[in-house]
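First comes the structure, then the notes that go with it.
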Amino acid sequence: MLKPSADHPITVAPNESRVVVTVGGKVVADSANALTLREANYPPAQYIPRADVDFDLLERTDHSTYCPFKGDASYYSIRTGDGLAENAVWTYEAPHDAVAEIKDHVAFYPTKVDSIEER
């Protein structure tokens, strides 16, 4: 496990905007309580509380990844009218202490959804 540092900064802060995620013309997530995670040189990621996500459209997959800064990530695919957006959603169910705020939140790959809007 690595900790954020000056060489690899990570911040988590409340997003003051409403965040809406759409896929296949359907709203999959709509939240006024999203968190913005900024990590090193990566684009910011919006972490949305599970309560604000339509899990009826999600299917858990066997895919997983490991980040030494955040922990083990689990994945979901999104069922759309056009098919399946595979492994489009990730979540850290037991994140490392440095990013404990993202527990019970999910994030979406921008390239696998129609839009992630901050309104």
Under a 4.5 Å side-chain heavy-atom rule over Ile, Leu, Val, Met, Phe, Trp and Tyr, are [X] and [Y] clustered together?
| X | Y | value |
| --- | --- | --- |
| Trp90 | Leu35 | yes |
| Tyr109 | Val23 | no |
| Val20 | Val113 | no |
| Val19 | Val106 | yes |

Handout entry: All side-chain hydrogen bond (donor to acceptor under 3.5 Å, both in side chains) counterparts of Glu86, not counting sequence neighbours
Key =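 Glu86 satisfies side-chain hydrogen bond (donor to acceptor under 3.5 Å, both in side chains) with no other residue.
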So [Y] and [X], do their side chains get closer than 4.5 Å, heavy atoms only?
| X | Y | value |
| --- | --- | --- |
| Gln46 | Val21 | no |
| His105 | Thr91 | no |
| Lys103 | Pro95 | yes |
| Val99 | Tyr92 | no |
| Arg18 | Asp30 | yes |
| Phe108 | Ile78 | yes |

Practice task
Verify whether one side chain among Thr22 and Asp114 offers a donor that lies under 3.5 Å from an acceptor in the other.
Solution key: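 Thr22 vs Asp114: no donor-acceptor pair found between side chains.
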Exercise for the section: State whether the number of non-hydrogen atoms from other residues, nucleotides or ligands found under 6.0 Å of Tyr42 atom OH is greater than 12. Expected result: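 Atom OH in Tyr42 is not packed in, count stays at 12 or less.
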Throw together a table of side-chain donor-acceptor distances under 3.5 angstrom for residues 1-14, partners on residues two or more places apart or in other chains.
| unit_1 | atom_1 | unit_2 | atom_2 | d |
| --- | --- | --- | --- | --- |
| Ser5 | OG | Asp7 | N | 3.3 |
| Ser5 | OG | His8 | N | 3.3 |
| His8 | NE2 | Glu39 | OE2 | 2.8 |

Problem - His63 and Tyr75 aromatic centres sub-6.0 Å - result: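 Ring-ring flag for His63/Tyr75: true, centres closer than 6.0 Å.
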Problem - Euclidean distance, Glu117 CD relative to Ser17 OG, rounded to 0.5 Å - result: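 Reported value, rounded in 0.5 Å steps: 11.0 Å.
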Practice task
Measure the spacing between CZ of Arg60 and CG of Asn87 and express it to the nearest 0.5 Å.
Solution key: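 Arg60 CZ to Asn87 CG: 11.0 Å, rounded to 0.5 Å.
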Practice task
Grab the two heavy atoms, one from Val27 and one from Leu57, that are nearest each other, plus how far apart they are.
Solution key: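 Scanning both residues completely, I find the closest heavy atoms to be O-CD1, 4.1 Å.
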Exercise for the section: Provide the closest heavy-atom pair for Glu93 versus Ser74 in the form atom of the first, atom of the second, distance. Expected result: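 In terms of heavy atoms, the two residues are closest at OE1-OG, 3.7 Å.
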Let me have the donor-acceptor pairs involving side chains of residues 48-56, under 3.5 Å, with sequence neighbours excluded, atom names and distances please.
| unit_1 | atom_1 | unit_2 | atom_2 | d |
| --- | --- | --- | --- | --- |
| Arg50 | NH2 | Tyr76 | OH | 3.2 |
| Asp52 | OD2 | Ser31 | OG | 2.6 |
| Asp54 | OD1 | Asp56 | N | 3.0 |

